[in-house]
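Right, one structure below, let's go through it.
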Amino acid sequence: MTSKSSFLANLRENNKRRLWVWVISALVFVLAFPILISIMISQIKTGSAYLKESFSAEVAEEILHERLLDAMRGQLGFSIKMVGAGILAVISAIQGFSYLYSRKKMDFYMGMPVKRSKRFLIIWLNGILLYVVPALLGLVIEILIAAGNGAMDVTVAYSAFCGSLVHLVFYLSIYHLSLLAVMLTGNVIITCCGILVLFLYEYAVRWMVGSYQSFFFRYFDYYNTRTEPVFSPFAIYSSLADTFAYENRLDPKAFAGLLLFGLLTGAAAYFCYRKRPAEAAGKAMTFEVTKPVIKILLTIPASLLAGMVIGETVGYEPEVSSDGMGYMVLAILLVVVIGSGVIQVIYEFDLKGALHKKLHILISGAAVALIFLIFHNDLFGYDRYVPRPEQVESIAFVPELYEQSMSNTYFDKQGHYLSDTEYADQNMYLHDVEAVCTLARHSIDEYDKVAADLQKNYDEEKAGRWSRSTLIYRLKSGKTVCRRLMVNVDDEAAIGLLDQIMGSDEFKKGYMIGASEQVKNMLREEGRHKVKADYGNMVYWKDMSRQEAIELLELYQRDLSRANFTNIRENVPDGMIRLQITEDLSGGRRKYGTSYDGVTRTTYLNINVYPFYEECMGYLKEHGYYMENQLDPEDVAYIQIMNRNMESYRELEKQMGITEDALAVKEGVFTSEYEDADRIDTRVYKEYRGEEEIRQIASCCYPVDFIDSYDWDRGIETDNDYVVYVYFNTDSPMTKSYGTSAQYSFLKGNIPEFVAGDTAYRE
């Protein structure tokens, strides 16, 4: 009983010394956040007053109720409270153990008949109560305010419970990490610096490593490269908040990770407290053994980051030349020397310290030099890495921007949005690993020969047409390796391998979103995603029924067996199936007016249909969707064509002695070459109104947005000399549905003879 009373008395006594921290905590959690909730509820009610003008009283009331609930789920759950919890944790840790910074206070506390372990427990527990009591009281007040305004239900209570639980563990993690910084230092300023280092160190190291990989490794790919720290409460909290926001559940793995982080840092802080010498008060660092370790660990990334900044500033390009590398190396060396000196000065509180511990400078310099050489010379063979086929379980081959994938949306089985690489990672399992590994080795060998020339002076005719892709190797060892790969799509050896790879069902199911059953499921079922289908060419569109879209997709999936790299490359699509996908971001809770409320997101999925897709072509013709031409002459009032005549332009440049650097600027004034080049105009315009002329032009032109000038396979291209401006009849359905005009293009080698003659440049 005496022991218990003594403990409570000590707890109360310690609280008297921490009254100002209690006041801050109460002001934030008991006053500020409840007031914020009240203001938010008031604003929602005021902003929703117009609902009664647009809806019946019952519907308006339900919409307002849903808005309030949605706001409370956010504010009572994962919210800005984490900032308040984090700041309070740092203040509580520093203030609670601030006596460790003063030798007089240390002597006073050491003279009291209280065990060190008990003193730690009292201060540590008070630091937790400083958060828990006000936060819990504030939460009760917030719930009462929300309930009083009809903004409480089971989902809000669930969000509040999960958010409060995670915030508590997050507070413990920040609190313990700050305590560790306190125990390692002997000065409040150094403690604050130490806390920042512990918070940001892994972020900085990961950013540095990723920057050097991207800078020096030709085939580095960011995909599957972790940029978020593993040992950071902020990163773990962010992961928990994202999962909860999207799936309305706590991620048990992430939560356990945050809890484990808090426990381990708390144990480390207590261990350092027990070992902390009394004479450390007032010193920069508590333990001598940590000084060189911390100095070196800080100097290495700081110098490498400084080198990266300088290298990019002076335009150093490792693939092109070594120009600028000297500045980068000099910056690294200077930061090693100066950084080590500054840290030693802080350690000793003496400027003369800059000249001490030269061995640490040598160790840091050697480590930095080794790391720099690893990246600069690729000592571990990162760029040359291609696994042996027998080492590989499966591969995902992801061409960038193939089949207009950049404008497409990918989904997983739960309907979550994915990038094309994420989708392929989940769905593409190429087992013909021999073909992919052969393509990788061949492409790396060939690209290495021309990479520098491509960087200096890009010339497709000499170097070939290279397209970017991502390779995901899934090794039998369980490891996953990602690499960027450049493929020459004009190389016959590469084309044969691409036909083999991209013609496989495994590739199509893992990359062509139209081959996914998920898309048909979205059409069949009304869930969080609503789908509208049509068929067209980005100018002309015809609405399709849901059943027609499902039937056409089934035929498309069968026709895909006919597709490979070559025949897709050598054909122009007849049209595309466009799916307009609208997602209810409220999780399906709202019943009325979701579009006005800003809780929906609409994206488009485009699926190309080629002329050799026989079953699709038959279906389109049978149901009236097939387009004989990409432009209906009946809709056209007149057509204007502009020919840039670039060959004539370049010939005139040569005659006038204008170099390729005609746009260069010298001493802030445009050169005379630029002025001469600016006077050259070889553009010729011609207008056509005759029915036969319009018919011939309409038979061979395509909408600009439909025939993208860039596609991964670099197949049939538009002639960039010509721009076709189509003006529709004012009484045409196109004017009402699309607009008064559209821009079209010709394919290379498919220009009507009369157009070429009429628009040729003549001096």
Side-chain angles (χ1 to χ4, degrees), residues 219-226 385-406 408-444 467-487 489 493-522 553-554 556-569 605 607-608 712-713:
Y219 303 111
F220 172 73
D221 195 292
Y222 271 107
Y223 183 73
N224 211 32
T225 299
R226 185 181 178 95
Y385 177 79
V386 178
R388 297 190 305 274
E390 59 270 20
Q391 295 177 308
V392 183
E393 183 71 33
S394 66
I395 301 176
F397 173 73
V398 192
E400 185 179 85
L401 304 183
Y402 186 57
E403 283 293 274
Q404 300 185 354
S405 66
M406 187 175 186
N408 279 348
T409 299
Y410 289 84
F411 303 88
D412 63 13
K413 293 179 180 178
Q414 289 74 42
H416 300 156
Y417 289 92
L418 302 171
S419 68
D420 55 349
T421 308
E422 289 171 329
Y423 182 80
D425 192 9
Q426 292 186 13
N427 296 279
M428 188 189 301
Y429 293 87
L430 300 172
H431 290 101
D432 187 1
V433 297
E434 180 70 46
V436 182
C437 291
T438 300
L439 175 67
R441 283 192 295 269
H442 175 75
S443 297
I444 289 172
S467 293
R468 187 193 308 257
S469 58
T470 296
L471 285 177
I472 304 173
Y473 300 104
R474 304 182 189 92
L475 305 183
K476 292 179 180 178
S477 64
K479 184 180 179 182
T480 299
V481 178
C482 297
R483 289 291 186 273
R484 186 179 74 175
L485 183 70
M486 303 299 295
V487 180
V489 294
I495 290 172
L497 292 166
L498 289 171
D499 278 337
Q500 189 174 340
I501 296 165
M502 301 171 77
S504 68
D505 288 340
E506 293 166 330
F507 173 81
K508 293 164 188 172
K509 290 179 180 178
Y511 190 84
M512 306 291 199
I513 187 63
S516 167
E517 288 298 314
Q518 177 64 25
V519 175
K520 284 197 294 185
N521 291 338
M522 287 182 180
L553 275 175
E554 288 175 347
Y556 167 85
Q557 291 175 358
R558 293 211 294 263
D559 276 331
L560 268 181
S561 62
R562 299 180 170 89
N564 60 25
F565 172 78
T566 298
N567 57 20
I568 286 181
R569 185 187 194 194
L605 191 157
I607 302 171
N608 288 335
W712 192 87
D713 57 25

With the side chain counted from C-beta on, respond yes when [X] and [Y] share a heavy-atom pair under 4.5 Å apart, and no when they do not.
X: F397; Y: I472; value: no
X: T480; Y: Y473; value: no
X: I607; Y: E403; value: no
X: L430; Y: S504; value: yes
X: K476; Y: Q391; value: no
X: I495; Y: V489; value: no

Testing the basics here: between [X] and [Y], what is the closest heavy-atom pair and its distance to 0.1 Å?
X: C437; Y: I395; result: SG-CD1, 4.1 Å
X: A515; Y: Y556; result: N-CE2, 4.1 Å
X: M502; Y: P399; result: CE-CG, 4.1 Å
X: A563; Y: I568; result: CB-CD1, 3.9 Å
X: R483; Y: V481; result: NH1-CG1, 3.4 Å
X: T566; Y: N564; result: N-OD1, 3.1 Å

With sequence neighbours left out, the residues meeting side chain to side chain contact (heavy atoms under 4.5 Å, CB included) with Y429 are S394, H431, R474

So, taking the atom named [atom1] in [X] and the one named [atom2] in [Y], what distance separates them when rounded to the nearest 0.5 Å?
X: F565; Y: I501; atom1: CZ; atom2: CD1; result: 10.5 Å
X: L471; Y: C482; atom1: CG; atom2: SG; result: 9.0 Å
X: E434; Y: L439; atom1: CD; atom2: CG; result: 11.5 Å
X: K508; Y: D505; atom1: NZ; atom2: CG; result: 6.0 Å
X: E506; Y: M428; atom1: CD; atom2: CE; result: 9.5 Å
X: T438; Y: Q500; atom1: OG1; atom2: CD; result: 8.5 Å

What is the ring orientation for Y402 with W712, classed by angle as parallel under 30°, tilted 30 to 60°, or perpendicular over 60°?
-> perpendicular

Take the angle between the ring planes of F220 and Y222 and call it parallel below 30°, perpendicular above 60°, tilted in between.
-> perpendicular

Checking side-chain contact (heavy atoms from CB on, under 4.5 Å) for the pair E400/T470: CA distance, chi angles, key distance, verdict?
-> CA-CA 8 Å; E400 185 179 85; T470 296; over 6 Å; no

Is the backbone of D713 close enough, under 3.5 Å, to the side chain of R569 for a donor and an acceptor to pair up by distance?
-> yes

Main-chain N/O of D221 paired with T225 side-chain donor or acceptor, under 3.5 Å = yes

Do D425 and Y223 have side-chain N/O donor and acceptor atoms under 3.5 Å apart?
-> yes

V398 vs Y423, side-chain contact (heavy atoms from CB on, under 4.5 Å): CA-CA, chis, key distance, verdict = CA-CA 10 Å; V398 192; Y423 182 80; over 6 Å; no

Decide yes or no on side-chain contact (heavy atoms from CB on, under 4.5 Å) for Q557 and E517, but give the supporting numbers first.
-> CA-CA 10 Å; Q557 291 175 358; E517 288 298 314; 3.5 Å; yes

Any chance you could lay out the side-chain contact (heavy atoms from CB on, under 4.5 Å) test for L401 and S467, step after step, and finish with the verdict?
-> CA-CA 9 Å; L401 304 183; S467 293; over 6 Å; no

